[in-house]
Every structure is written in structure tokens, then in C-alpha cells.
Q: 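To start, I am sharing the structure in question, which I have written as C-alpha cells.
As the structure lists them, so they are numbered: ligands from 1, and atoms in each ligand from 1.
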Amino acid sequence: MLSVKGLCAGYGALTILKGINLEIGRGEVVGLVGANGAGKTTLVRTLAGLLPARAGEICLGGEDITRIPPHRRSGFGLAVVLENRNLFGELTVRENLVLAERAGRGRSPVFSLDRIADLFPAVGEKLNVRCDLLSGGQQQQVAIGRALLQQPDIVVMDEPSTGLAPKVVKDILDVLGRLRADGMSIILVEQNIAIASSATSRAYVMATGSVAHEIPEGHWPCFMADEKLVSAYLGHHQGAAHQ
Ligand SMILES: Nc1ncnc2c1ncn2[C@@H]1O[C@H](COP(=O)(O)OP(=O)(O)OP(=O)(O)O)[C@@H](O)[C@H]1O
Ligand SMILES: [Mg+2]
């Protein structure tokens with residue numbers, strides 16, 4: 001489904017991503033974890049095409065999309081939920097969703113406005129409300145709704161749970177579970193490994209712009225129990241005491 005090989009990117013004279021390799025299959029929910037500054041968002045922005053790849057390639061569904069401009073990547077089946085959510089604050093929820101729906105035109109429609117309202121009832125109740133008047137959790141749900149309305153094969157989400165109340169995080173994770181059951185491929189960027197381990201079946205661990213470690217399917221418990229590994233890659237605050 002998504003295959004990333006030797007991907008390099010950076011800002012100005014700075015090289016941040018130093019040869020990233022990833023493989024995500026259809027229907028897989030894969031975590032991307034790592035400490036602050038590891039390069040997770042830089043990778044998400046490069047996958048989205050917002051930051052140019054300086055080397056390497058990104059293939060989606062067998063097509064090379066490395067040089068495809070960002071607004072055309074949804075046509076290849078890629079949708080990205082950015083860290084800043086990228087909503088039009090002065091437009092209503094409905095308007096935000098309809099605009100996203102247009103980007104997915106031409107792809108077989110799986111997600112409708114009704115389906116989004118069903119997945120996220122709080123969004124369904126606010127269709128006529130301006131986005132900048134929503135809570136952070138509601139805005140995150142609209143952002144995910146926008147991604148789904150592009151009718152993607154794979155969704156990349158950059159820390160969707162950050163800063164949200166536990167109840168909202170649970171609602172979002174429940175939706176990810178439903179999407180996964182429907183065969184959607186998802187990359188979940190997450191700093192909190194308790195959340196990552198509950199929502200994904202395997203994960204890549206990033207450190208200083210590289211994939212430093214892989215957690216294969218079924219190995220989350222083993223990784224979490226290894227205090228040295230956890231603190232090396234994610235910081236001491238997520239040591240065994242938190243599990
Ligand atoms: N616009 C930019 N210009 C220059 N350097 C940047 C820019 N954005 C990020 N960086 C640097 O790139 C590195 C990786 O940052 P990035 O935001 O990708 O990390 P991250 O893993 O997403 O961290 P976090 O968990 O805090 O979101 C950091 O050293 C950061 O300072
Ligand atoms: Mg980030």
C-alpha cells in the first residue's frame with residue numbers, strides 16, 4: 001500500500017530525515033512514535049508533499065507520488081491530518097467537510113457527510129457552527145472527518161490525541177478501531193506509547209530523523225516492559241511506572 005524508501009528531507013541547510021524506510025500494508029494500523037523533535041511531523045509533512053523529498057521515494061498503491069504536489073495526493077488515496085488540523089475557522093463545520101469532499105471527487109465514495117456525523121456525533125450536531133467556535137476535541141474530529149471525506153486508502157494522523165480530554169481521546173480511538181475493522185490503513189503518530197500501543201498493532205520508533213527501532217506485531221508488551229528501551233527512545237517520563 002504505502003512504501004517509503006530512503007526518504008530524506010529538511011529545512012534550509014538542516015537535514016532532518018536521514019533515509020526513512022517504511023512499509024504499510026492494506027488495512028494495517030501502524031504507529032509512528034518517538035520523542036519531541038525526533039522528526040515525526042517532518043515525515044508527515046514530507047508524506048503530504050508540504051516539504052519536498054530531497055532523496056528517496058514515496059510509493060502509494062504502486063505509484064510513485066514523491067513529486068506529486070500536495071493537493072493532488074488525495075487523488076492517489078493519501079489523506080493527512082496535520083498537527084495544526086488545518087481547518088477554515090471562519091467556515092462552518094459543514095463547509096469544511098464539503099470542501100474536503102470535493103478533494104476526494106473521482107474516488108469511489110465510501111464516506112459521506114452522514115457517515116462522518118455517525119462516526120462523530122458531536123460533529124453531526126455542529127454542522128452549522130463555525131469551526132473556530134468548536135472545542136479542540138471537536139475540531140480534531142472535524143479534521144479527521146475531512147480526511148475521510150477525501151475517500152483515502154490511507155490516513156496519516158499527526159498526534160490527534162494531544163491536548164484532548166481522555167473521553168475525547170477514547171472517542172477518537174474508538175473511531176480508529178471502526179475504520180480499521182473496515183480495512184482502512186492508518187499511520188498514527190503518537191508520543192504517548194500507552195495510546196499508541198492500544199491503538200496500533202505494530203510501530204516504527206523514530207529518533208533523530210531515522211527509524212531507530214521497529215516494534216513488530218505482537219511485540220508492544222515486550223517493548224513497553226523494557227524500561228531502558230522506552231526511556232532511550234521516548235524519555236524517562238514514559239518509563240514502566242506509567243504502565
Ligand atoms: N520549520 C522548521 N525549520 C527548521 N527546523 C525545523 C522546522 N520544523 C522542525 N524543525 C526541526 O526539525 C526537527 C524535527 O522536528 P519535528 O517537528 O519533525 O519533530 P516531532 O517528532 O514531530 O516532535 P514533536 O513530538 O514535538 O511534535 C527538530 O529538531 C525541529 O527543531
Ligand atoms: Mg510533531
Q: Could you give the distance from CG (D64) to CZ (F76), rounded to the nearest 0.5 Å?
A: 9.5 Å
Q: By atom name, which N, O or S atom of E83 is the nearest to the Mg ion (ligand 2)?
A: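 Considering only N, O and S atoms, E83 comes nearest to the Mg ion (ligand 2) through OE2.
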Q: For R45, is the nearest heavy atom under 4.0 Å from an atom of ligand 1?
A: no
Q: Measure the distances from the heavy atoms of A35 to every atom of ligand 1 and state whether one is below 4.0 angstrom.
A: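 Contact check A35 vs ligand 1: positive.
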Q: Please find out if less than 6.0 Å separates the ring center of H213 from that of Y204.
A: no
Q: Can you report which non-hydrogen protein atom sits closest to atom 28 (C) of ligand 1, along with the distance?
A: G37 O, 3.9 Å
Q: Which heavy atom in F88 sits nearest to a heavy atom in C131, and how many Å separate them?
A: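 Closest pair (atom of F88, atom of C131, distance): O-CB, 3.8 Å.
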Q: Does R178 pair with D174 as a salt bridge, N-O distance under 4.0 Å?
A: no
Q: Considering the heavy atoms of N36, write down every atom of ligand 1 situated less than 4.0 Å from one of them.
A: 23 (O), 24 (P), 25 (O), 26 (O)
Q: Indicate the atoms forming the closest heavy-atom contact of G10 with L51, along with that distance.
A: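 Closest heavy-atom pair between G10 and L51: O-CD1, 3.8 Å.
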Q: What protein heavy atom is closest to atom 5 (N) of ligand 1, reported as residue, atom name and distance in Å?
A: Y11 CD1, 3.4 Å
Q: N/O/S of T41 less than 2.8 Å from the Mg ion (ligand 2)?
A: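 Yes.
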Q: Decide salt bridge (charged side-chain N to carboxylate O under 4.0 Å, His left out) for R115 and D182; before the verdict, give the C-alpha distance in whole Å, the side-chain angles of both, and the deciding distance to 0.1 Å.
A: CA-CA 13 Å; R115 174 102 196 272; D182 287 347; 2.7 Å; yes
Q: Which of the numbered atoms in ligand 1 are under 4.0 angstrom from any heavy atom belonging to G39?
A: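 By the 4.0 Å cutoff, the relevant atoms are 14 (C), 16 (P), 18 (O), 19 (O), 20 (P), 21 (O).
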Q: Does an N or O anywhere in L14 fall below 3.5 Å from an N or O of ligand 1?
A: no
Q: Examine the proximity of ligand 1 to M206 and report which part, side chain or backbone, both or neither, has a heavy atom under 4.0 Å away.
A: neither
Q: Check V29, V110, D153, L148 against M184 for a side chain to side chain contact (heavy atoms under 4.5 Å, CB included) and give me the one that passes.
A: L148
Q: Looking at atom 17 (O) of ligand 1, what's its closest protein heavy atom, distance included?
A: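 Protein heavy atom with the smallest distance to atom 17 (O) of ligand 1: T41 CB, 3.7 Å.
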Q: Please determine whether a side-chain nitrogen of the Lys or Arg among E190 and K40 lies less than 4.0 Å from a carboxylate oxygen of the Asp or Glu.
A: no
Q: Is atom 25 (O) of ligand 1 near the protein, in the sense that some protein heavy atom lies at less than 4.0 Å from it?
A: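 Yes, at least one protein heavy atom sits under 4.0 Å from atom 25 (O) of ligand 1.
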Q: So, does E28 use its side chain to make a donor-acceptor pair with the main chain of G25 at under 3.5 Å?
A: yes
Q: Just how far is it from atom CD of Q140 to atom CD of E159, taken to the nearest 0.5 Å?
A: 10.0 Å
Q: Which protein heavy atom lies closest to atom 18 (O) of ligand 1, and at what distance to 0.1 Å?
A: T42 OG1, 2.5 Å
Q: Can you confirm whether some protein heavy atom lies under 4.0 Å from atom 30 (C) of ligand 1, or whether none does?
A: no
Q: May I ask you to identify, for I16, whether its side chain, its backbone, both or neither come under 4.0 Å of ligand 1 on a heavy-atom basis?
A: side chain
Q: What are the atoms of ligand 1, with element, lying closer than 4.0 Å to any heavy atom of E83?
A: 27 (O)
